[in-house]
Number of protein chains: 2
Amino acid sequence: MSAPTVYDVAEQADVSIATVSRVFRKPDAVREATRERVMAVARKLGYVPSGSARGLASRSTGVLGLCFPDYDDSTAGVDDGEITLYSDEIIRGMERAARRHGYALLIAASLAGGTESLVAKVAGRVDGFAVLARTVPTEELEIVSRRLPVVMLAGPREMDHLDHIEVANTDGQRQLTRHLIEDHGRTRLAFVGGAEDSPDAQARFHGFQLACQDAGLPVPDAPDARGDLTQADGRAATEALLARPGPAPEAILFANDQMAVGALRVLEHRGLRVPDDIAVTGFDGIPLTRLTRPPVTTVRQPAGRLGENAVDLLVQRLADPTRAPESVMLPVTVVRRESCGCGD
Amino acid sequence: MSAPTVYDVAEQADVSIATVSRVFRKPDAVREATRERVMAVARKLGYVPSGSARGLASRSTGVLGLCFPDYDDSTAGVDDGEITLYSDEIIRGMERAARRHGYALLIAASLAGGTESLVAKVAGRVDGFAVLARTVPTEELEIVSRRLPVVMLAGPREMDHLDHIEVANTDGQRQLTRHLIEDHGRTRLAFVGGAEDSPDAQARFHGFQLACQDAGLPVPDAPDARGDLTQADGRAATEALLARPGPAPEAILFANDQMAVGALRVLEHRGLRVPDDIAVTGFDGIPLTRLTRPPVTTVRQPAGRLGENAVDLLVQRLADPTRAPESVMLPVTVVRRESCGCGD
DNA sequence: ATGAAAGCGCTAACAC
DNA sequence: GTGTTAGCGCTTTCAT
């Protein structure tokens with residue numbers, strides 16, 4: 001099973017290894033007769049250029065990478081594996097864009113209890129890579145980004161010398177909230193945020209605040225409840241809100257879809273009708289939101305676009321490493337479904 | 001931006017390059033004091049081992065690959081990007097399994113009009129890879145599989161010395177057909193196949209034939225219509241079937257979901273009710289089938305499993321290249337939904 | 001436990 | 001158009 005090398009091919013084709021190399025890199029630089037002779041031998045021998053050797057010699061791999069967190073499939077499944085994960089869309093977007101630019105895509109998720117560095121594993125084998133926010137320690141990124149183009153996906157801009165793509169969390173939540181207020185006349189609103197260190201959730205809460213302010217409503221200085229972005233926490237937060245003294249809110253806005261979906265269960269169980277008695281909204285636009293009853297109004301993140309833009313940024317920086325770091329803000333879209341009171 | 005190497009680290013840490021190398025491969029083989037000194041320097045310099053150099057020297061990359069066809073996103077979208085593609089599930093399955101085994105995943109789709117060999121691109125940078133059937137010419141696989149573990153996904157077993165994983169197409173279609181006949185009493189059935197060179201579609205048709213035979217119904221020797229597995233072709237095939245003289249079929253079985261979904265549109269447009277007037281079934285189990293009205297009865301392929309099994313086979317073969325080639329058949333499950341007459 | 005030295009298979013000048 | 005010659009940055013014996 002020892003693989004044939006340029007030397008083997010060169011010898012049998014009676015040319016130098018340089019010519020063999022040329023045949024595979026710039027065929028046009030080799031006379032046709034020679035080229036075909038080389039190709040024939042290569043085919044016969046089953047020669048395939050070693051990516052490692054190429055990478056070493058040329059200092060470039062033709063591969064872009066993506067690091068993402070150790071996602072948890074189990075929360076995704078409803079009753080099977082049919083749910084598109086956010087990361088799937090990013091992967092697809094990156095793959096598509098990478099392909100267009102002639103790159104392959106290396107993907108790696110962090111190991112749950114993984115001691116070893118994800119970044120080191122990926123960084124050594126690619127020409128540049130994208131990282132989903134909070135997947136790897138900032139310090140590591142700091143180091144590796146000195147050597148390699150790195151683009152940060154989502155999350156806030158933690159490192160200002162990195163290219164960075166984020167989605168319009170604040171703006172999206174603001175629009176959504178305004179919709180609830182202006183189009184559905186709901187004014188007694190409750191917002192369920194995420195952990196305090198979740199920048200996305202914070203940004204969304206800020207959007208909520210802005211909308212309240214826009215409408216002349218009282219502006220809360222903290223979410224009415226917080227959760228860890230899981231369905232279970234959505235349920236818990238909902239219970240907590242309903243247990244508060246005074247009238248129940250007319251609408252509960254959740255910092256993400258999972259929590260909103262969790263809330264639906266609680267509300268139904270309590271005999272509260274959505275959206276008649278209480279409106280519910282999420283954020284992210286995961287497919288699950290359209291499968292629930294009622295379908296959940298949410299804000300869709302352009303995950304595929306995130307991936308494509310990431311590749312574009314990487315390719316640009318590869319072409320010109322001196323470019324000033326760029327920070328792109330991707331627009332989101334409010335998806336109106338039944339849970340906010342919009343007809344189906 | 002020139003990356004630091006073992007030499008840089010070695011020099012500053014006052015050790016040999018061999019020791020630096022050891023620190024990153026088997027830390028235990030180095031005295032703690034030395035190790036920490038090396039690590040400190042490495043961190044300071046931002047040293048990251050070069051995957052290419054490692055690969056070259058050690059003849060192994062720690063990466064597994066996946067080649068798939070140049071899929072067409074445009075057919076996927078319904079009204080957005082929410083649809084999980086078959087390949088997404090395979091990717092996710094492979095990624096998960098690869099991660100468990102300590103491998104990263106390199107994915108590459110063939111370029112639509114791509115002249116260059118996908119296989120060559122991938123083969124040179126991985127320790128082994130999976131190929132979705134019909135993605136690359138058999139001849140190329142033949143060659144590269146002499147050097148590298150390759151596992152073929154889906155499709156028939158074209159090369160008997162390759163590991164191979166397929167899905168129980170025939171059996172699934174047979175079960176589904178039997179369900180239609182026995183549980184819903186439909187006997188005037190029409191089958192819409194795929195291109196004649198689509199082995200999956202052929203296998204499904206064969207399952208249909210077997211079920212007809214089982215039930216004592218006339219056994220057709222060719223599909224009633226064929227399509228290219230797209231929604232558009234599903235519509236066309238349906239039109240064609242309805243235009244035939246004589247009574248319309250009581251059920252139309254499609255070789256895949258996309259065509260079945262296309263059919264739904266035609267049927268609705270014609271005022272035919274599904275399943276009352278005519279039952280419809282698909283194959284694959286794409287998420288779209290549960291979102292249509294009515295939801296489509298189909299046969300779900302375990303795409304995630306495909307990916308996981310692929311990695312397992314690759315890892316096994318890497319561990320023992322002399323193993324006899326294995327051919328795994330993955331079971332499918334009939335998903336009964338409204339379009340066949342089952343309650344929702 | 002550590003070092004010295006020989007490649008791994010290729011690309012990239014540069015000569016011819 | 002083709003050949004020569006250095007490396008690319010690491011792993012791997014084999015010494016010490």
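So that the names make sense, note that chain A is the first sequence line, chain B the second, and so on, each numbered from 1. Values below: every heavy atom of this structure, side chains too, minus hydrogens, waters and symmetry copies. The structure displayed is predicted, hence computed values, not measured ones.
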5' to 3', nucleotides 5-16 of chain D under a 4.0 Å protein heavy-atom cut-off (B base, S sugar-phosphate only, - none) gives --BBBBBB----
Test salt bridge (charged side-chain N to carboxylate O under 4.0 Å, His left out), reference B/E308, set B/R99, B/R100, B/R92, output is B/R100
Sorted by chain and number, sequence neighbours left out, side chain to side chain donor-acceptor pair (under 3.5 Å) with A/E142 holds for none
Item checked: Any donor-acceptor pair under 3.5 Å from A/E95 side chain to B/A109 backbone -> yes
So, with a heavy-atom separation below 4.0 Å from DNA chain D, the residues of residues 29-36 of chain A are A/A29, A/V30, A/R31, A/T34
Side chain B/R125, main chain A/A104, donor-acceptor under 3.5 Å: no
To the nearest 0.5 Å, atom CD1 of B/I90 lies from atom CG of B/L306 at 5.0 Å
Checklist entry - Is there a donor-acceptor contact under 3.5 Å from the side chain of B/D127 to the main chain of B/G62? => result yes
Here the side-chain hydrogen bond (donor to acceptor under 3.5 Å, both in side chains) pairs for residues 154-165 of chain B, sequence neighbours left out, are B/T138-B/E158, B/S145-B/H161, B/D163-B/R317, B/H164-B/S327
Smallest heavy-atom separation, B/T34 atom then B/V15 atom, equals CG2-CG1, 3.8 Å
First and last nt of DNA chain C near chain A, cut-off under 4.0 Å to heavy atoms, 5' to 3', are C/dG9 to C/dA13
| query | Any side-chain heavy atom of A/V119 sitting closer than 4.5 Å to one from A/I143? | reply | no
Which donor-acceptor pairs under 3.5 Å do side chains of residues 20-28 of chain A form with protein atoms, sequence neighbours excluded?
unit_1: A/S21; atom_1: OG; unit_2: A/R25; atom_2: NE; d: 2.9
unit_1: A/S21; atom_1: OG; unit_2: A/R25; atom_2: NH2; d: 3.2

